[in-house]
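Take a look at the structure set out below.
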Amino acid sequence: MHVADLIFTLLLHRDTPRVLPLGVAQVLIALLADRRHHNLALTWWPWYTRLIRGQAASVAGRPYIDSCRALGISRRQIIFRHILPNSITPLIIQVSLDVGGVILTVSALSFLGLGAQDPTPDWGLMVAEGQDYFLTSWWVVTFPGIAILVTAFAFTLLGDGLRDLMDPKRIFLR
């Protein structure tokens, strides 16, 4: 957790000079990590760490956890049966909402030539290579662009739907 706090301090502290915006810093970290798309996720882990830690601390302070401790239930059972299931929902929702942003970032990196290279199929690369043919063959650029848009939007809607579905304050109507 201290490593996540250090990264938050370096990237988000108000006294830190804002030479690079946060998104540029994330892209640079991802590019320094061998230009692989899965390394882009390395830049988002502090947010997820903070989210799950805060949620777990909130759940651990609830009265039913104190009741479990008073009943003599082991720490392992409390963690895996009560704290983890009740604190994982916000993480699942946040990840599903962030997938759309990751798709757009990866496509933008490929479009700029910093992501996937020529033999690898990638929507951003398809848009970049089809730029020269836009006036004569508009579909070469349009369909990969629409695919990027629809996929990112679908994951955003999925995250929004999961948030609505897993909301503990949701009223069930019959």
Side-chain angles (χ1 to χ4, degrees), residues 1-66 68-69 75-117 120 122-125 147-170:
M1 193 63 210
H2 294 296
V3 176
D5 289 337
L6 176 68
I7 289 177
F8 270 116
T9 301
L10 292 176
L11 293 178
L12 299 175
H13 196 269
R14 64 180 156 200
D15 295 335
T16 304
R18 297 285 181 159
V19 177
L20 294 175
L22 183 60
V24 175
Q26 289 177 339
V27 169
L28 287 176
I29 291 170
L31 290 176
L32 292 175
D34 196 22
R35 285 189 173 192
R36 298 194 200 280
H37 295 317
H38 63 273
N39 290 333
L40 190 62
L42 291 175
T43 61
W44 274 287
W45 73 267
W47 284 267
Y48 301 132
T49 305
R50 274 266 172 126
L51 177 68
I52 198 71
R53 182 179 185 272
Q55 193 67 23
S58 171
V59 171
R62 292 187 182 158
Y64 70 90
I65 300 296
D66 293 334
C68 290
R69 288 186 189 122
R75 293 182 96 189
R76 182 180 218 170
Q77 281 184 326
I78 292 173
I79 290 171
F80 287 107
R81 285 196 177 172
H82 299 286
I83 295 176
L84 190 60
N86 288 316
S87 58
I88 199 75
T89 302
L91 181 69
I92 293 169
I93 294 166
Q94 188 63 45
V95 167
S96 65
L97 287 171
D98 288 345
V99 168
V102 170
I103 290 171
L104 292 174
T105 303
V106 167
S107 297
L109 286 173
S110 295
F111 178 78
L112 295 172
L114 301 172
Q117 298 304 318
T120 307
D122 187 84
W123 288 328
L125 187 61
I148 294 167
L149 175 76
V150 168
T151 306
F153 188 63
F155 275 106
T156 303
L157 286 178
L158 174 72
D160 195 32
L162 282 174
R163 187 191 67 217
D164 292 343
L165 185 68
M166 296 180 172
D167 186 13
K169 297 176 184 171
R170 182 176 171 209

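Residue numbers count from 1 along this sequence. We use all heavy atoms of the structure for the numbers below, so side chains are in, but hydrogens, waters and symmetry mates are not.
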So how far is it from [X] [atom1] to [Y] [atom2], rounded to the nearest 0.5 Å?
{"X": "Phe153", "Y": "Leu104", "atom1": "CZ", "atom2": "CG", "result": "12.0 Å"}
{"X": "Ile93", "Y": "Ile88", "atom1": "CD1", "atom2": "CD1", "result": "11.0 Å"}
{"X": "Leu112", "Y": "Leu125", "atom1": "CG", "atom2": "CG", "result": "11.5 Å"}
{"X": "Ile52", "Y": "Thr89", "atom1": "CD1", "atom2": "OG1", "result": "9.0 Å"}
{"X": "Ile148", "Y": "Asp122", "atom1": "CD1", "atom2": "CG", "result": "7.5 Å"}
{"X": "Cys68", "Y": "Ile78", "atom1": "SG", "atom2": "CD1", "result": "5.5 Å"}

Please enumerate all residues that pass side-chain contact (heavy atoms from CB on, under 4.5 Å) together with [X], with sequence neighbours excluded.
{"X": "Phe111", "result": "Val127, Ala128, Gln131"}
{"X": "Ala56", "result": "Ile83, Ser87"}
{"X": "Arg75", "result": "none"}

Item to check | Contact check, side chains of Trp123 and Thr151, non-hydrogen atoms, under 4.5 Å | outcome: yes
Item to check | Partner set under side-chain hydrogen bond (donor to acceptor under 3.5 Å, both in side chains) for Asp98, not counting sequence neighbours | outcome: Tyr48, Gln94
Item to check | Summary of salt bridge (Lys or Arg N to Asp or Glu O under 4.0 Å) pairs that have at least one residue in residues 149-160, sequence neighbours excluded | outcome: Asp160-Arg163
Checklist outcome for this item: All heavy atoms of His82 vs all of Ile65, minimum pair found to be CB-CD1, 3.7 Å
Item to check | Closest non-hydrogen atom pair between Gly159 and Ser96, with its separation | outcome: CA-OG, 3.0 Å
Item to check | Pair listing, side chain to side chain donor-acceptor pair (under 3.5 Å) test, anchored in residues 54-63, at least two apart | outcome: none
